*Asks:* 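Would you mind keeping the following structure in view while I ask a few things?
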Amino acid sequence: MQIFNFNRNSGAKSSEFLQAILRNLPPNLMHGNKKFLIKKKIFSNSLMLLLLLFGITITVQAQLIPAPLKMKKSSGVFEIDKNTSLQFSSKNDSLEEMTIYFQKQVKRLSGIQLPVNRTSGKTIKLEIDRNLDLKEEGYKLKISTDRIVISAPTVAGVFYGVQSVLQYFPGIRTNEKITLPAMEITDEPAFAWRGMMLDVSRHFYSVETIKEVLDLMAFYKLNTFHWHLTDNEGWRLEIKKYPKLTSIGAWREEIPGSVFYKVDSTYAEPLSGEPYRYGGYYTQEQAREVVAYAAKRNITVIPEIEMPGHSAAALAAYPEFSCAQPKQDPPGSNLWNDVTDTENMAFNYCAGEEAPFLFLQDVLVEVMDIFSSEYIHIGGDEVDKSYWEKCESCQQRIKQENLKNEKGLQSYFIKRMENFLQENNRKLLGWDEILEGGLAPNATVMSWQGEKGGIAAAKSGHDVVMSPSDPLYFNRYQAGPEGEPQAGPYSINTLKRVYNYKPVPEALNANEAKYVLGSQFAIWTEFISSVEHLEYMLLPRMLAFSEAVWSNSKDKNFTEFTRRLNMGHYTRWKTNGVRFHPEFFEQSEY
Ligand code: ACM
Ligand code: ZN
């Protein structure tokens, strides 16, 4: 198993390698931005010339991101060569697996197969030390000229120590010497929840792409992948009891030739006279594969199954669970915008009938069988109450349950789902609208409409994850909008604004601040239909975010951060054909 692998170029022959370098142009969707394009071309051409003339490969001088808590450099280097062996402490299967993973990375990048547990020569040792005074995911890394030791109280900590070492490796196969500077690092995360949300409903992304995203997350020490699996525009998870969720709900009908037929999604070519279909879904087996792949990288996958709103795709398949039960139009990208003709559309489950609750419970039973996360995200955002206002059953429920209004009905809905999840030993997580009409007793709130929802929840003793759209929605512009691919017309979430984000708002006192578990950024994909575009929105903002949640240093310095970004990070992506936003890329590192 290769844990970190942008497999497009690993072990590539030199011609493939050169092509991969030349491939790193901005996404097709980008219009304008000629300045960057021209600069890149000059850079790529001169790099190619250099490589051809001297036949060398590149080693880069790395700088760690996120910045470690403490770091002391000393003189000398550890050179990885045939005289080096790997060791691991104690009989611990996970540690053995980690050692083998590390061995594979070294082999992939240098061609050297390091022996395990040889007694002579230089050593790289991975060890668990439960007495270390560090947080669960913390580690110590000591590099001297003849020894590297990574020690941590948990396997997760060892994993992060290994990631730090790998940041000093080149991004691609090299015949040059691989050396690591002598130093001592003591490191641990500021926050336990360091997350990313990806919307795969508006555009579907393959398992391969999800794995690439997980690799990136792990490399930059993020540990929570929130998988937005359902929304109006598509239902993306196989549910065996309700096959129409994917046979109908996973496929949009679109205008032929529209921008949405992009790479990385499967869509069926139409038979003549039939509409184009666009979409895809994950089988349960694939979802389990993703969960296992993530777990090996210390990443928990939290599934989101949206309710009671944002559910048009599910209701296209099973209209009987909506209020008016009309026959539904199939999912389509028109649903992103204000839909004026909602006569044949329903976005909400009916909260007055029992059948929708039983349906959702059945769905969650299958979801919980696939996902082992403590939390299940039930959405809860942007519920259009007008359906419930007009529905006799919903109005009946409001009377029967003594609820004040439709907001009370939303609260009733969420509380019922919380009870169900609790009976199954899981915790409910929802967007901040779950505060409407009264928060379910043990719910955790994900604050997206600024921080006010999160602040209110923390003040009432509820756990909170901060994900304010400004600046943490990475589907929004990072520069521009001139010269940038189309994005939401809201805040401009620049690299600097992401870097300077602090997950704990000043409005919380020290006691209330304990309820802030951490933070996550989100990528909604209404306008992001290709992997290249996804990478472009992700990088380098993911690194600024990782520093905000892992390092959370009091003396942050953006200029210093961009200096470190230019020490190996851009190059790694560039040489692997991974797209990124080039605004702060100084091309002087060669
Ligand atoms: C959201 O952005 N509606 C959670
Ligand atoms: Zn109803």
Side-chain angles (χ1 to χ4, degrees), residues 195-202 226-233 302 304-312 315 318-326 335-338 342 345-360 377-401 403 405-406 408-410 412-414 416 429-436 444-454 464-476 487-491 493 519-528:
M196 160 174 177
M197 189 218 78
L198 180 64
D199 165 17
V200 293
S201 172
R202 276 51 178 262
H226 167 181
W227 208 1
H228 186 79
L229 286 163
T230 75
D231 213 305
N232 293 328
E233 296 80 0
I302 297 182
E304 180 180 352
I305 304 295
E306 274 266 21
M307 62 187 83
H310 279 268
S311 299
L315 294 169
Y318 296 97
E320 59 268 39
F321 301 133
S322 67
C323 285
Q325 309 193 356
L335 300 177
W336 309 339
N337 305 316
D338 291 334
T342 54
M345 292 303 310
F347 293 83
N348 298 357
Y349 296 109
C350 178
E353 297 292 325
E354 282 303 287
F357 287 99
L358 300 178
F359 159 76
L360 285 166
H377 202 306
I378 53 72
D381 57 319
E382 299 178 315
V383 181
D384 178 350
K385 311 290 189 312
S386 64
Y387 299 98
W388 292 350
E389 283 164 14
K390 286 180 255 169
C391 170
E392 248 175 60
S393 309
C394 284
Q395 291 306 312
Q396 185 69 16
R397 177 85 78 189
I398 289 174
K399 273 201 207 104
Q400 245 172 20
E401 297 289 333
L403 307 171
N405 50 27
E406 288 72 24
L409 191 55
Q410 152 108 345
Y412 167 86
F413 199 111
I414 304 296
R416 266 188 81 159
L429 174 62
W431 299 109
D432 49 61
E433 288 94 329
I434 65 171
L435 284 152
E436 287 176 4
T444 297
V445 171
M446 188 166 275
S447 193
W448 75 277
Q449 301 176 97
E451 293 180 322
K452 60 184 187 309
V464 169
V465 177
M466 285 297 187
S467 189
S469 56
D470 177 2
L472 296 186
Y473 276 14
F474 288 8
N475 45 297
R476 295 191 180 177
Y490 308 105
S491 55
N493 294 342
S519 179
Q520 63 179 46
F521 69 87
I523 299 204
W524 301 94
T525 56
E526 284 93 336
F527 301 114
I528 303 171

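Atoms within a ligand are numbered from 1 in the order they appear, just like the ligands themselves. Note that the structure is a prediction, hence the values are computed from the model and not measured.
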*Asks:* Is the closest side-chain donor-acceptor distance between Glu406 and Gln395 under 3.5 Å?
*Replies:*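 There is such a pair between these side chains.
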
*Asks:* For atom 3 (N) of ligand 1, which protein heavy atom lies nearest, and how many Å away is it?
*Replies:*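 Answer for atom 3 (N) of ligand 1: Asp381 OD2, 2.6 Å.
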
*Asks:* Is a side-chain donor-acceptor pair under 3.5 Å present for Trp448 with Glu433?
*Replies:*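 Yes, because at least one side-chain N or O of Glu433 sits under 3.5 Å from a partner of the opposite role on Trp448.
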
*Asks:* To the nearest 10 degrees, calculate the angle at the Zn ion (ligand 2) involving SG of Cys391 and SG of Cys350.
*Replies:*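 Between SG of Cys391 and SG of Cys350, at the Zn ion (ligand 2), the angle is about 110°.
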
*Asks:* Identify, by atom number and element, the atoms of ligand 1 in contact range of Glu382, meaning under 4.0 Å from any of its heavy atoms.
*Replies:*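 Reading through ligand 1 atom by atom, the close ones are 3 (N).
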
*Asks:* Would you call Glu401 and Arg416 a salt bridge, taking side-chain N to carboxylate O under 4.0 Å as the test?
*Replies:*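 Looking at Arg416 together with Glu401, the answer is no, because their closest N to O distance does not fall below 4.0 Å.
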
*Asks:* Counting each atom of ligand 1 from 1 as listed, which ones have a heavy atom of Tyr473 under 4.0 Å away?
*Replies:*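 So the answer, numbered in order with elements, is 1 (C), 2 (O), 4 (C).
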
*Asks:* Centroid-to-centroid, Trp431 to His226, below 6.0 Å?
*Replies:*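 Yes.
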
